[in-house]
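The structure appears below as structure tokens.
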Amino acid sequence: MGETVIKTDKLTKRFGDFIAADEITFEVEKGEIFGFLGANGAGKTTAMRMLCGLSIPSSGSATIAGFDVYKQTEQIKRNIGYMSQKFSLYEDLTVIENIKFFGGIYGLTDLQIKTKSDELLHNLGLKQEAKKLVASLPLGWKQKLSFSVAVLHEPKIVFLDEPTGGVDPVTRRQFWDLIYNAADRGVTIFVTTHYMDEAEYCNRISLMVDGKIKALDTPRNLKNTFGVETMDEVFYKLARGAKRGD
Amino acid sequence: MKKFLVFIKKEFAHVLRDRKTLLILFGMPVVQILIFGFALTNEVKNSRIVIMDQANDAASKEIITKIGASRYFDIVRTVMSHQQMEDAFKRGDIRMAVIFPAGFNNDLLHQNAAQIQVIADASDPNNATTLTSYVGSIIQDYQAQLSKTSKIPYRIQPEIRMLYNPQLKGAPNFVPGVMALVLMLVCVMMTAVSIVKEKETGTMEILLVSPFRPILVIISKAVPYLLLSLINVASILLLSVFVLDLPVNGNILLLFAESTLFIITCLTVGIFISVKTNSQQVAMLISLMGMLLPTILFSGFMFPIENMPVPLQWFSNIIPAKWYYIIVKDIMIKGLGFNAIWKETLILSGITVALLIISLKSFKIRLS
């Protein structure tokens, strides 16, 4: 077993009477692809925001890359990458300008940015498009670029919040190739998703219902436990009891 | 520091790449300067005036009583030295002075003609002409009264002097107003919208997750607009000097320093709006309705504040543009120095600091 990079213990977030995340406890290891599933309103985003240092937990504890979520948010921020469900590059900047900007605010040197961006453009096959505005790229490419920018500063963990919304299955598959590549390099992937076929790609998945983690295992074990064929059915069985939702 | 520069470079790219924004930024001041060339006329009530009665005789006293009875005027003091009067004009305490020379009644009775000097602050030309014509009619009324009781046609000649703006050009009035208006628009709306836009597109989250400090995000958003606004101040001044023939009488550096202060005030307002709202439309609407309207109404630029009901006059004091308008008028048209405007500067700084504290507080609350 490798080292543990995410460790939470009874992590809780309350908004007044509403408990958005209720005593979440789990561990994620280095290089793991960890799927974070749940219906809308189950508390995924809240949990993720706490792990990214965007939101301070109400109680419980958690460490990210060995840093405490209460006291060491600055160190956490330096060691994680983030890609949100909304597409998150600047549309009115060119591809290369986006890379330079995000490299710059993470404190990479000009030389590092130069090497990294060459490598990135080469891998994505975007050399020709480097000076085009991001707005002119197809959505699939934007998302691949967005992921590559999120891991540009070589974070220990990258958080992906529903990264593949609205793209076709082929592009989604290509996107997952990028994720596997990153995981092979030792980057831990923490991903939320609605797509059950994507859940199958994860090493382990957790399923949140009404702010609590209801199941946590490999996709294969989960299917066996619930005696069903697909992740869809697992999800349906668990989420059916949910009181919250849209 | 390098991160900061990277960020500011990106902000400039946003602004310079967006043609519409650019057009608003640099086209608006030009258009407004030209549009506001049409001056507005308004009735003036309760203007503070001073009367120097060197004659102190029956005729002068009667005219003073008439002036005092008019709802247009508010007599401040009746005894004043020339120096005191000049100072009162500079401070903006009084709008007009009426001076009766010694032996006024004597001249009138024995030479059948007497003179009255009327001096008006014409940095607001509409006000000045209106006031002098009011005095003119009061004097005429007194003459008519005299002619009724006697056969001799007495003549009183008011000698009118327009201070600061002898040709009564309309420009002095609206150039400072347009400056306040344009800066308000550019700084408040543009900053608010540009920050809220990052929230809308989701890039704000990425920035908050990055090690780049949130407070620096806000500052680097504001810096480009500060620079662009200073360019706007320069372009308005150039237009006013070369197109409208209106020179800057006071210290131009002081004018720029005060403008920078006002720009910072506006940027703070913009930041405050952006913290409180989540969509560009709402941010724009609040900037327009919430800031622009009060600026036009309560800065004294279009509608004389003296005319308003007292509660509204009090309210006008919290409008930053009112103080900036006074400052620009004093420096640009009256050619006054810092000792004439330190009070306004202090008030403006106070408003800025208060706004800054409020917006930083609410920004922190949002983060937790």
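Letters go in sequence order (proteins before strands), and every chain restarts at 1.
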One pair to check against side chain to side chain contact (heavy atoms under 4.5 Å, CB included): V209(B) and L54(A). What are the steps and the verdict? CA-CA 7 Å; V209(B) 174; L54(A) 279 183; 3.7 Å; yes
Tested for side-chain hydrogen bond (donor to acceptor under 3.5 Å, both in side chains) against Y90(A), the lone hit among H14(B), K197(B), E198(B), R17(B) is E198(B)
Using a heavy-atom distance cut-off of less than 4.5 Å, which residues of residues 75-84 of chain A contact chain B? K77(A), R78(A), I80(A), Y82(A), M83(A), S84(A)
Residue selection (most heavy-atom pairs with chain A, distance under 4.5 Å) from D18(B), L5(B), T203(B): T203(B)
So which part of D110(A) gets closer than 4.5 Å to some heavy atom of chain B, the side chain, the backbone, both or neither? both
Which residues in residues 93-106 of chain A have a heavy atom less than 4.5 Å from any heavy atom of chain B? L93(A), T94(A), E97(A), K100(A), F101(A), F102(A), G104(A), I105(A), Y106(A)
Report, as yes or no, whether the 6.0 Å neighbourhood of atom NZ on K127(A) holds more than 12 heavy atoms from other residues, nucleotides or ligands. yes
Taking atom CG of L89(A) and atom OG1 of T201(B), what is their separation to the nearest 0.5 Å? 10.0 Å
Which region of E200(B), side chain (C-beta onward) or backbone (N, CA, C, O), has a non-hydrogen atom less than 4.5 Å from a non-hydrogen atom of chain A, or is it both or neither? backbone
